[in-house]
Chemist: 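Have a look at this one.
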There are 2 protein chains.
Amino acid sequence: MEPQESVTRSLAFLLGKLGQTATSRFADRLAPLGLRPRHCAVLELLSPAPLGQLALAQAVGVTPSVVVDMLDELEAVGALRRVRDSADRRRQIVEITDDGRALALSAARLAEQVDAELLDALDPAQATALREILVRVATAQGLPVTQAAPGGGRTAAPSG
Amino acid sequence: MEPQESVTRSLAFLLGKLGQTATSRFADRLAPLGLRPRHCAVLELLSPAPLGQLALAQAVGVTPSVVVDMLDELEAVGALRRVRDSADRRRQIVEITDDGRALALSAARLAEQVDAELLDALDPAQATALREILVRVATAQGLPVTQAAPGGGRTAAPSG
DNA sequence: TATTGTTATACTCTATAACTATA
DNA sequence: TATAGTTATAGAGTATAACAATA
């Protein structure tokens, strides 16, 4: 890559500022649901199968103490359950509820609305390219990204 | 654009999480310089011409009280000067110094290092496409982006 | 002694509101 | 009365460290 010699045109800065905008807008739309953006990743990662809290923390990419708070809030809304592991009583298995799945779906639709706003300046080909590239970068950086939906639509995990 | 029905694959979420990563890494590299990411935009926006603090706040996209802090810190490092406007003594004209220009340049080089890390998973054409698209989105969203560097920007891809 | 989850705490970033000094 | 800048403060988001229960 050639020298840009400009911070405001660097990916580091653009992603940071754009991410701030995107997150803030998403949070606004999510508020009526009683959710915040970070909660959504938890729900989605729990969707295919239950997880312990430490595994969840690693998957979401936050520190365990943050998971405690998020789980408290999501449990209060009825989006998930903490079940004590009978085999190892230190562990809690976190399971998503039907309400949680419904919330995750609503959240995904709201995210699409924000996306549409952000993509306003782009033609469809660029919009598609942008999403593909970002998914690739995010995956390479170890960030939580759920499996691609085959056929471009539904999330079809090996449901449990 | 088709429904994704996934938050973690939405632009809103991807940009947020990626932005967080990018900003944090950039901040780490910037720390030895006594700068943080947001300072860099100030220096760059001041580069072509001095600005008053309110104009600067609007240009950077933060609230005026934040500008005060940033300016205090940048002034302490000798990166800029606040000059009282003799025509309107309420105003302060903010001017970048030679040291400030040098810092801005160093910062841009550090940003490039972070970019290289982030772009690791992409081929050159995708990397170029990503930057162009993000600049376009950021500009459309009213975020601060300086003019393209003359002579020093492109060549890499057979950009369509 | 190590590990799971929790609590307490602190730090960063950003915004709002009240204040000052000019106008 | 309005405006430029400042101060004080509060909120969200994240991280570290100490702690309880269990292994």
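Per chain, numbering begins at 1; letters A, B, ... match sequence-line order.
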Chemist: Please give me every residue in residues 31-42 of chain A whose heavy atoms get under 4.0 Å of an atom in DNA chain D, ordered by residue number.
Modeler: A:Arg36, A:Arg38

Chemist: Whole Å only: how far is the CD atom of A:Gln53 from the P atom of C:dT7?
Modeler: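 Computing the A:Gln53:CD to C:dT7:P distance gives 10 Å.
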
Chemist: Do the side chains of B:Gln141 and A:Arg25 get nearer than 4.5 Å, heavy atoms only?
Modeler: yes

Chemist: In whole angstrom, what separates B:Leu30's CG from C:dT12's P?
Modeler: 15 Å

Chemist: Could you tell me whether B:Asp88 contacts a base, only the sugar-phosphate backbone, or nothing, with contacts defined as non-hydrogen atoms closer than 4.0 Å?
Modeler: sugar-phosphate

Chemist: Identify whether A:Leu15 and B:Leu122 are in the same connected component of the hydrophobic contact network (ILVMFWY, side-chain heavy atoms under 4.5 Å).
Modeler: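 They do share one cluster, since a chain of ILVMFWY contacts under 4.5 Å joins A:Leu15 to B:Leu122.
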
Chemist: Are B:Leu43 and B:Ile96 close enough that some pair of their side-chain heavy atoms sits under 4.5 Å apart?
Modeler: yes

Chemist: Only one of B:Leu45, B:Leu71, B:Val42 clears side-chain contact (heavy atoms from CB on, under 4.5 Å) with B:Val94; which?
Modeler: B:Leu71

Chemist: Can you measure B:Arg84 atom CZ to C:dT22 atom P for me and round it to whole angstrom units?
Modeler: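 Computing the B:Arg84:CZ to C:dT22:P distance gives 7 Å.
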
Chemist: Could you identify which residues of residues 68-82 of chain A place a heavy atom less than 4.0 Å from some atom of DNA chain D, listed by residue number, or say none?
Modeler: none

Chemist: Between B:Arg82 and B:Glu75, is there a side-chain heavy-atom distance shorter than 4.5 Å?
Modeler: yes

Chemist: Are side-chain heavy atoms of B:Arg38 and B:Val66 found at a separation under 4.5 Å?
Modeler: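 They are in contact (side-chain heavy atoms under 4.5 Å apart), so the answer is yes.
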
Chemist: Counting only heavy atoms not in B:Asp123, do more than 12 fall under 6.0 Å of its CG?
Modeler: yes

Chemist: One thing to verify: whether B:Glu117 and B:Arg29 come together as a salt bridge, which I'm taking to mean a side-chain N less than 4.0 angstrom from a carboxylate O.
Modeler: yes

Chemist: For A:Glu112 and B:Ser10, which I'm curious about, is there any donor-acceptor pair between the side chains at under 3.5 Å?
Modeler: no

Chemist: Can you measure B:Leu54 atom CG to C:dA15 atom C1' for me and round it to whole angstrom units?
Modeler: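 Distance, rounded to whole Å: 15 Å.
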
Chemist: Check this for me, if you would: do B:Asp85 and B:Arg90 make a salt bridge, where the nitrogen-to-carboxylate-oxygen distance has to be below 4.0 angstrom?
Modeler: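 Result for this pair is no, no salt bridge flagged.
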
Chemist: Which two nucleotides bound the region of DNA chain D that has atoms under 4.0 Å from heavy atoms of chain B, read 5' to 3'?
Modeler: D:dA2 to D:dT14

Chemist: Under the side chain to side chain donor-acceptor pair (under 3.5 Å) test, which residues partner B:Gln20, sequence neighbours left out?
Modeler: none

Chemist: Between the protein and nucleotides 16-20 of chain C, list the N/O to N/O atom pairs that are separated by less than 3.5 angstrom.
Modeler:
from   : atom 1 : to      : atom 2 : distance (Å)
C:dT16 : O4     : B:Ser65 : OG     : 2.7

Chemist: Going by heavy atoms in the side chains, are A:Leu134 and B:Arg9 under 4.5 Å from each other?
Modeler: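 A side-chain contact is absent here, since even the closest heavy-atom pair is not under 4.5 Å.
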
Chemist: Could you check which residues of residues 16-26 of chain A get a heavy atom under 4.0 Å from DNA chain D? Sort them by number, please.
Modeler: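 Heavy-atom cutoff 4.0 Å gives no residues at all.
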
Chemist: Report yes if some heavy atom in the side chain of A:Gln126 is under 4.5 Å from a heavy atom in the side chain of B:Glu132; otherwise report no.
Modeler: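 Of all side-chain heavy-atom pairs linking B:Glu132 with A:Gln126, none is under 4.5 Å.
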
Chemist: Show your working on side-chain hydrogen bond (donor to acceptor under 3.5 Å, both in side chains) between B:Ser47 and B:Arg101 and close with a plain yes or no.
Modeler: CA-CA 7 Å; B:Ser47 208; B:Arg101 288 182 200 278; 3.1 Å; yes

Chemist: Are any of the side-chain heavy atoms of A:Val7 and B:Phe26 separated by less than 4.5 Å?
Modeler: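 Yes. Closest side-chain heavy atoms under 4.5 Å.
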
Chemist: Report yes if some heavy atom in the side chain of A:Val145 is under 4.5 Å from a heavy atom in the side chain of B:Leu14; otherwise report no.
Modeler: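 A side-chain contact under 4.5 Å exists here.
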
Chemist: I need the CD-C1' distance between A:Gln92 and C:dT6, as an integer number of Å.
Modeler: 10 Å

Chemist: On DNA chain D, does the nearest nucleotide to A:Ser86 precede the nearest nucleotide to A:Val62 from the 5' side, or the other way round? Give the residue.
Modeler: A:Val62

Chemist: If you pin A:Gly61 and A:Arg89 to their nearest nucleotides in DNA chain D, which one's is more 5'?
Modeler: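 Nearest nucleotide further toward 5': that of A:Gly61.
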
